[in-house]
Amino acid sequence: MIPGSKAVDTMEETSLLKTLMAQIKEFRRPTILTPVCMIGEVIFEMLIPLLMASIIDNGIETGNMHHIVTTGLLMLLMAAGSLATGVMGGVFGARASTGFARNLREAMFDNIQTFSFSNIDKFSTPSLITRLTTDITNIQMAFQMTLRMFVRAPMSLITAMVMAFIINARLARIYLAAVGFLAVCLFLIIRKATGYFRKIFPRYDDLNESIEENVRGIRVVKSFVREDYETDKLRKASGNIYKLFTKAERMVILNAPLMQTTVYTCIILISWLGAKMIVAGNLTTGQMMSLLTYCMNILMSLMMLSMVFVMITLSQASAKRICEVLDETSDITNPENPVMEVADGSIEFRNVNFSYKTADSDAPEEARGKPAEKGNARTGGKERVLHVLHQINLTIQSGETIGIIGGTGSGKTSLVNLLSRLYDVDEGAVLVGGRDVRTYDLETIRSKVAVVLQKNVLFSGSVLDNLRWGNENATLEDCRRVCRIACADDFIEAMPEGYNTRIEQGGSNVSGGQKQRLCIARALLKDPKVIIFDDSTSAVDTATDARIRNALIHELPETTKIIIAQRISSIAHADRVIVMEDGHVDAFDTPENLLADNRIYQEVYESQVGGNADFDEMLPEGELHVHARRGGEA
Ligand SMILES: Nc1ncnc2c1ncn2[C@@H]1O[C@H](COP(=O)(O)OP(=O)(O)OP(=O)(O)O)[C@@H](O)[C@H]1O
Ligand SMILES: [Mg+2]
């Protein structure tokens with residue numbers, strides 16, 4: 001162990017506690033009232049054995065009926081008091097803990113909404129889900145238990161012990177020995193179990209990952225007949241949890257026999273020694289009865305305490321994982337005096353370098369998703385840095401139509417993601433409308449630079465709801481107009497309820513091409529200065545693809561259009577084309593010039609339009625002769 005690491009641990013724990021406790025907020029009252037009620041319960045409970053002793057010694061043995069009745073009534077009153085405070089403590093505890101969990105969940109969710117793409121890369125989606133569900137439930141349970149038991153158990157332990165000593169110090173020493181023995185045993189058990197518990201929660205990430213992936217991709221799983229493989233994967237993930245839990249519980253379960261043996265040993269000892277004392281006249285029957293009751297109290301408190309400790313250690317890992325999400329700050333934030341207007345659609349990349357930083361999946365779990373430490377460039381061996389764009393320099397005029405081609409993984413998506421600040425550059429600058437994108441208000445830049453993402457999703461709701469993600473104030477007429485441009489109007493109107501047709505979650509009830517066209521329409525509604533199509537017409541037939549492109553040119557002459565495509569026909573009409581290779585710009589020129597002297601462009605062209613022509617060759621009218629002409633030139 002590193003010297004001083006204990007101090008660091010304590011400091012870390014204090015800051016965890018501070019972050020968590022800040023979420024109690026409006027539930028401070030029940031949070032305080034719960035232990036107060038529990039203290040009340042202990043006081044009432046502790047008085048009962050005393051009263052019982054009095055009934056036996058002063059009532060039954062002397063035949064004093066009046067004393068029996070009045071003390072009996074008093075006992076009833078105490079029992080009622082204990083019940084009432086106990087119930088109230090339970091109610092306040094439940095209120096405080098559920099409220100606390102709600103606040104925590106909301107705070108986490110709110111913070112996740114501010115995350116940038118790279119923040120999300122750092123935590124994985126399944127991990128975020130586990131943190132929002134299992135981890136919060138854990139904390140909620142630990143919090144409730146702590147509120148109810150953490151004050152009650154030691155207080156009841158001490159009070160019962162004091163009472164026992166007051167009644168008979170010699171016999172009470174038996175308890176002291178029992179408590180000492182149990183405390184040592186419990187400490188050892190818990191220490192062993194904690195080690196297992198700490199390992200369990202990260203394993204839930206794997207379980208959730210497996211479940212999420214499978215359920216989300218259930219259609220693919222079925223079509224590839226991978227059910228067995230997936231079931232196996234899940235079995236492994238849940239088997240891991242099962243194994244760890246069994247190991248931990250096997251330790252914790254030792255509590256029960258240990259406790260019982262100790263309790264019964266104490267009872268036998270007290271009865272045996274107590275009986276002798278009664279015969280010798282040093283102890284009354286009533287006193288012995290109360291001693292036996294206190295015996296149960298003491299040992300039950302100890303049991304409760306051990307449970308609280310298990311729960312707290314169990315929840316420590318969860319607390320840490322929750323705080324990581326709460327403390328994570330988005331690395332893409334609004335500048336101080338943001339620019340609220342994007343002048344035009346001109347674009348410039350100046351010496352841009354960019355890399356992805358992802359959690360190192362080989363690193364131990366604690367290291368994953370760890371908040372960035374300021375100043376250490378977010379590496380420190382726990383993050384993997386992947387350089388994907390090198391020294392990009394480009395200048396694009398407003399209104400131009402730009403094509404981007406390049407092999408998969410060449411950095412096309414990464415390049416355009418910088419334009420709307422989905423990611424920020426490492427070095428250099430990206431300018432839109434003559435200004436660095438980092439000087440704009442985030443909402444402004446994201447609405448003026450619209451992206452039709454490569455992996456796009458629709459949300460459950462009507463077609464109109466989905467379109468209005470682009471602009472919530474859009475009228476039906478606006479929606480119709482953009483759908484015409486995106487060639488989506490035909491199929492929408494053919495749907496049973498037209499624009500009010502419900503889209504299922506993830507857009508599962510529309511085809512791939514229909515989904516792409518809806519996403520294009522949605523982006524167009526933003527009335528952007530720059531619009532980026534990241535492989536957005538890959539599922540649309542070539543004729544429709546050409547119709548969409550023509551409509552864009554005519555309807556949005558001012559808007560800069562950036563089209564990433566695998567199909568050469570999708571970019572052959574562009575003013576200029578960027579050819580990407582391995583994160584570099586290999587060439588940036590007109591399609592004609594590229595066809596004349598760029599090797600990559602020529603290869604793609606040849607494979608698609610040249611000798612081994614395929615379906616893509618069936619180009620719509622107008623483009624056929626362009627290609628024919630170009631083919632002639634080449
Ligand atoms: N979120 C991410 N985290 C880490 N690495 C990433 C991430 N996204 C992309 N990469 C990596 O960056 C490189 C460039 O990816 P990019 O998505 O820009 O390629 P692309 O040219 O768009 O490919 P495609 O034509 O297949 O869409 C790839 O090596 C990819 O593995
Ligand atoms: Mg891509």
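Counting starts at 1 for both ligands and their atoms, in listed order.
- Closest protein heavy atom to atom 30 (C) of ligand 1: Leu386 CD2, 4.6 Å.
- Under 4.0 angstrom from ligand 1, the non-hydrogen atoms of Thr413 come from both its backbone and its side chain.
- The Mg ion (ligand 2) does not have Ser414 among its coordinating residues (no N/O/S atom, backbone or side chain, under 2.8 Å).
- In summary, of the residues considered (Thr537, Thr542, Asp545), a side-chain hydrogen bond (donor to acceptor under 3.5 Å, both in side chains) with Arg567 occurs for Asp545 alone.
- For ligand 1 and Gln566, the ligand atoms under 4.0 Å from any heavy atom of the residue are 25 (O).
- Of the protein's non-hydrogen atoms, the one nearest atom 12 (O) of ligand 1 is Val388 CG1, 3.0 Å.
- For Thr408, no nitrogen or oxygen atom sits less than 3.5 Å from a nitrogen or oxygen atom of ligand 1, counting backbone and side chain alike.
- The nearest heavy-atom contact from the protein to atom 25 (O) of ligand 1 is Lys412 NZ, 2.6 Å.
- The salt bridge (Lys or Arg N to Asp or Glu O under 4.0 Å) with Lys357 is formed by just one residue from the set Asp426, Asp121, Asp331; it is Asp426.
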query = Would Glu555 and Arg484 satisfy salt bridge (Lys or Arg N to Asp or Glu O under 4.0 Å), going step by step from the backbone distance to the final call?
reply = CA-CA 10 Å; Glu555 303 275 338; Arg484 269 197 298 277; over 6 Å; no
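- The pair Lys320-Glu324 fails the salt-bridge criterion, with no side-chain N (NZ, NE, NH1 or NH2) lying under 4.0 Å from an Asp/Glu carboxylate O.
- In terms of protein heavy atoms, atom 29 (O) of ligand 1 is closest to Gly409 O, 4.1 Å.
- A salt bridge links Glu400 to Arg576: at least one charged side-chain nitrogen sits closer than 4.0 Å to a carboxylate oxygen.
- At under 3.5 Å, not a single nitrogen or oxygen of Gly406, backbone or side chain, sits near a nitrogen or oxygen of ligand 1.
- Across the listed options Phe117, Tyr423, Tyr356, Phe354, Tyr356 owns the non-hydrogen atom lying nearest to atom 9 (C) of ligand 1.
- From the protein, the heavy atom lying nearest to atom 15 (O) of ligand 1 is Ser414 OG, 3.7 Å.
- The shortest contact between atom 1 (N) of ligand 1 and any protein heavy atom is with Asp121 OD2, 3.3 Å.
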ask   = Should Asp541 and Thr544 be marked as a side chain to side chain donor-acceptor pair (under 3.5 Å) after you check the CA-CA gap, both sets of side-chain angles, and the distance that decides it?
value = CA-CA 6 Å; Asp541 62 276; Thr544 314; 2.7 Å; yes
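- A donor-acceptor pair is defined here as one N or O able to donate and one able to accept, closer than 3.5 Å; such a pair exists between the side chain of Lys561 and the backbone of Leu556.
- For atom 27 (O) of ligand 1, the closest non-hydrogen atom of the protein is Gln454 NE2, 2.7 Å.
- With no hydrogens or angles considered, no side-chain donor-acceptor pair links Asn598 and Asp589 at under 3.5 Å.
- Ring centroids of Phe354 and Tyr356 are separated by less than 6.0 Å, placing the two rings close together.
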